[in-house]
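Reviewing the structure listed below.
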Amino acid sequence: MKGRDLVALWDLEREEVEALLDLGAALKTDPARHAGALAGRTAFLYFEKPSLRTRVTGEVGMAQLGGSAVTHTLDMGRIGGRESVADVARNLERWVDVIGMRTFSQELVEQTAQHSGVPVVNLLTDLLHPCQALADLLTVRGAFASLAGRSLAFVGDGNNVAHSLLIAGAMTGMKVTVVCPPGYEPNLAVMDRARSIAEKNGAEVGYTNDLEAGVAAADVVYTDVWASMGQEAEAESKNEVFLPYQVNEAVFAMASKNAVFMHCLPAHRGDEVTDGVADHERSLIFDQAENRLHAIKAIYLATILGL
Ligand code: CP
Ligand code: NVA
């Protein structure tokens, strides 16, 4: 994947996703692996929205590989603000080896990628969160040994995280069902892409408003906040609609006997998930957070060096 962008998982081949997961797993087993491989290299990490996990793993991951990172937040200016997106991209490519971007607009990431000669990695947009999905596949693989045939129920808003899980699951032979209140289904264009990718990989993707049917027999019960970053104004009105879809002990018990619980974090405990589930012995939420580090290191190595 040397020199390639990661703006959406659908731009990758299944083999490339699997190679990233293998590399991530190897880095997890041996965190010192490839230490120094990115000596002298630099990542530019741009954030229009808050972040804990993505920012810290983006910086720490680069440091562990011997490189450095420059983090840029909105108080320092917006890409496309003082000068054109194309000009910003053509400046950055002269100085850095990879550009990570967390933005509202997916188009801004795509546009930057189009004008930049160095790889651009999507660190979350309103539409997608591919780095999260890669870390999540690593987590599911760690828990169940394989991905094909595993079923994941994403309970909540058909949002960026749901979208990337649909695509990631479709590429790796999983069954992914988004279980959501009416009106909060996944984006139809993303759903169409997920369906056509799923067909090629023996996977199954879909959505339902029926909580019990959607969660029944799932190996993974996954949830995320009801109101994503940028939707704060809608948070209160959403609470009532989403409350019946809260992942509490009773809902978790509808899944398969050995089901695990996952959440990309940050969690709003007491809303989309109860403490009993978030802190359950089968909750993997902090493994997911750890795996963000292994996943971003694998992405850096693959896109910068072609490993
Ligand atoms: N899961 C995730 O992307 O976390 P941050 O928003 O803290 O980066
Ligand atoms: N859907 C959430 C994910 C945060 C990591 C958001 O976009 O705010």
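Everything numeric here is computed off the predicted structure, so don't read it as measured data. Throughout, residue positions are numbered sequentially from 1 according to the sequence presented. All ligand and atom numbering here is 1-based and tracks the order in the structure.
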Charged N-O contact under 4.0 Å between Arg55 and Glu59: yes
May I ask you to decide whether Arg141 forms a salt bridge with Asp22, counting only side-chain N to carboxylate O separations under 4.0 Å? yes
Classify the ring geometry between Tyr46 and His72 as parallel (under 30°), tilted (30 to 60°) or perpendicular (over 60°). tilted
State the atoms of ligand 1, each with its element, that fall below the 4.0 Å cut-off from a heavy-atom position in His129. 2 (C), 3 (O)
Decide if atom NZ of Lys28 counts as having more than 12 heavy atoms of other residues, nucleotides or ligands within a radius under 6.0 Å. yes
Atom 6 (O) of ligand 1 - nearest protein heavy atom and its distance: Arg102 NH1, 2.8 Å
Met229 N/O to ligand 1 N/O under 3.5 Å: no
For Leu124, counting its heavy atoms only, list the atoms of ligand 2 lying under 4.0 Å from any of them. 3 (C), 4 (C), 5 (C), 7 (O)
State whether the shortest distance between N or O atoms of Arg55 and N or O atoms of ligand 1 falls below 3.5 angstrom. no
Proximity of Tyr245 and Tyr184 rings by center, below 6.0 Å: no
Which ligand 1 atoms, with their elements, are less than 4.0 angstrom from a heavy-atom of Arg292? 1 (N), 2 (C), 3 (O)
Okay, side chain of His263, backbone of Ile285: is any donor-acceptor separation there less than 3.5 Å? no
Around atom 7 (O) of ligand 1, find the nearest protein heavy atom and jot down its residue, atom name and distance. Leu52 N, 2.6 Å
For Asp271, is there an ion pair with Lys238 - N to carboxylate O distance below 4.0 angstrom? no
Ligand 2 to Asn159, heavy atom cutoff 4.0 Å, flagged ligand atoms 1 (N)
Any N/O of His129 closer than 3.5 Å to an N/O of ligand 2? no
Mind checking whether Leu124 has an N or O less than 3.5 Å away from an N or O of ligand 1? no
Looking at ligand 2, does any of its N/O atoms fall within less than 3.5 Å of an N/O of Ser228? yes
Using a distance-only test with no angle check, is there a side-chain donor-acceptor pair under 3.5 angstrom linking Asn209 and Glu185? yes
When distances are taken from atom 4 (O) of ligand 1, the protein heavy atom at minimum range is Arg53 NE, 2.8 Å
Result of checking His294, Arg292, Gln288 against Glu290 for side chain to side chain donor-acceptor pair (under 3.5 Å): His294
Are any of the heavy atoms in Leu265 under 4.0 Å away from ligand 2? yes
What residue and atom, counting heavy atoms only, is the protein's closest point to atom 8 (O) of ligand 2, and at what distance? Met229 N, 2.8 Å
Tell me if the CZ atom of Arg14 is crowded by more than 12 foreign heavy atoms within 6.0 Å. yes
Side-chain donor-acceptor contact under 3.5 Å, Asn122 with Gln106: yes
Are any of the N or O atoms of Cys264 closer than 3.5 Å to those of ligand 1? yes
Flag Asn160 as yes when one of its N or O atoms lies below 3.5 Å from any N or O atom of ligand 2, and as no otherwise. yes
min-distance protein heavy atom vs atom 3 (C) of ligand 2 -> Asp224 OD2, 3.5 Å
